[in-house]
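Scroll down for the structure; my scribbles are underneath it.
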Amino acid sequence: AQSVSQHNHHVILSEAASLELGCNYSYGGTVNLFWYVQYPGQHLQLLLKYFSGDPLVKGIKGFEAEFIKSKFSFNLRKPSVQWSDTAEYFCAVNGLFSGNTPLVFGKGTRLSVIA
Amino acid sequence: GAVVSQHPSWVICKSGTSVKIECRSLDFQATTMFWYRQFPKQSLMLMATSNEGSKATYEQGVEKDKFLINHASLTLSTLTVTSAHPEDSSFYICSARDPRQENTEAFFGQGTRLTVV
């Protein structure tokens, strides 16, 4: 069965600090990987996704993630966070070509950015 | 991009009553939709997979008689919380993929915050 592990429950950073959120997954085959963000009071939005190709994926708002197959990891990074990045971040995984199967989510990491 | 719309955004109901939540795919037809539940400060837990024209598939531990799912058309799935109780208070989210695209992300509705008093 697929599973996703996010190492950090709550991260607190000052503005301009660098961010890295860990994500490891467990799945026996080829995977699609996602990072979603949920701002307070809003719905989930896609930050970035990896299906194939370059393992370094760039997303919206300056976020990027690197797929390291040997480590089963897909960590999210941003060189300089802003107060507006305060949100909940979810890593998710899905088997390749699994159009009719649901995403499996990690437990989420709450990011608080202080001015 | 594809959009999934959920209604209502929030609802307060009395204990013992039923509440219906709608999930619509706005610019694509979704043969499959997914219903999740999110408790405060926790992740999204899959409740069931809604299949157009057939019965929903429920995850282990989810009461199918309490959480009725109807996927009557290719653009609409509904979740009805029957005889709601305070412990059913939660954030319910639906999701769907655009089947026209082979590999694509899931699109999420805005979520429905249910409070049972």
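Reminder, nothing fancy here: chain letters follow the sequence lines and each chain counts from 1. Remember, predicted model here, so these are calculated numbers, not experimental data. Just so you know, these numbers use all the heavy atoms, side chains as well, and skip hydrogens, waters and symmetry mates.
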Partner of B/L44 under side chain to side chain contact (heavy atoms under 4.5 Å, CB included), picked from A/V104, A/L44, A/L103, is A/L44
Report yes or no: do B/Y58 and B/L79 belong to one cluster of Ile/Leu/Val/Met/Phe/Trp/Tyr joined by side chain heavy-atom distances under 4.5 Å?
yes
Between B/Y36 and A/P102 the two heavy atoms that sit nearest each other are OH-CB, 3.4 Å
Side chain, backbone, both or neither: which part of B/Q6 has a heavy atom under 4.5 Å from chain A?
neither
Linked, directly or transitively: A/W83 and A/L47 (ILVMFWY side chains, under 4.5 Å):
no
Heavy-atom pairs under 4.5 Å with chain B: which of A/H10, A/Q45, A/Q38 has the most?
A/Q38
More than 12 heavy atoms of other groups within 6.0 Å of A/H7 NE2:
yes
Measuring from B/R97:CZ to A/N94:CG, what's the distance to the nearest 0.5 Å?
4.0 Å
If you check every heavy atom in residues 106-115 of chain A against those of chain B, which residues fall under 4.5 Å?
A/G106, A/K107, A/R110
Using only non-hydrogen atoms and a strict under-4.5 angstrom cutoff, which residues of residues 65-77 of chain A touch chain B?
none
Are A/I60 and A/V57 linked, directly or through intermediate hydrophobic residues, by side-chain heavy-atom contacts shorter than 4.5 Å (ILVMFWY only)?
yes
Look at the side-chain heavy atoms of Ile, Leu, Val, Met, Phe, Trp and Tyr, link any pair under 4.5 Å apart, and say whether A/L46 and A/F105 land in one connected group.
yes
Under the disulfide (SG to SG under 2.5 Å) definition, can you give me all pairs with a residue in residues 5-59 of chain A, not counting sequence neighbours?
A/C23-A/C91
Spell out the residues in residues 109-117 of chain B that have some non-hydrogen atom less than 4.5 Å away from a non-hydrogen atom of chain A, in order of number; otherwise answer 'none'.
B/G109, B/Q110
Is there a path of hydrophobic side-chain contacts, each under 4.5 Å between heavy atoms, that joins B/F91 and B/I69?
no
State the NE2-OG distance between A/H43 and B/S95, to the nearest 0.5 angstrom.
11.0 Å
Under 4.5 Å from any heavy atom of chain A - which part of B/T31:
side chain
In a check of ring-ring contact (aromatic ring centres under 6.0 Å, His included) between B/F108 and each of A/F34, A/Y36, A/F90, which one passes?
A/Y36
Report, as yes or no, whether the 6.0 Å neighbourhood of atom NZ on B/K66 holds more than 12 heavy atoms from other residues, nucleotides or ligands.
yes
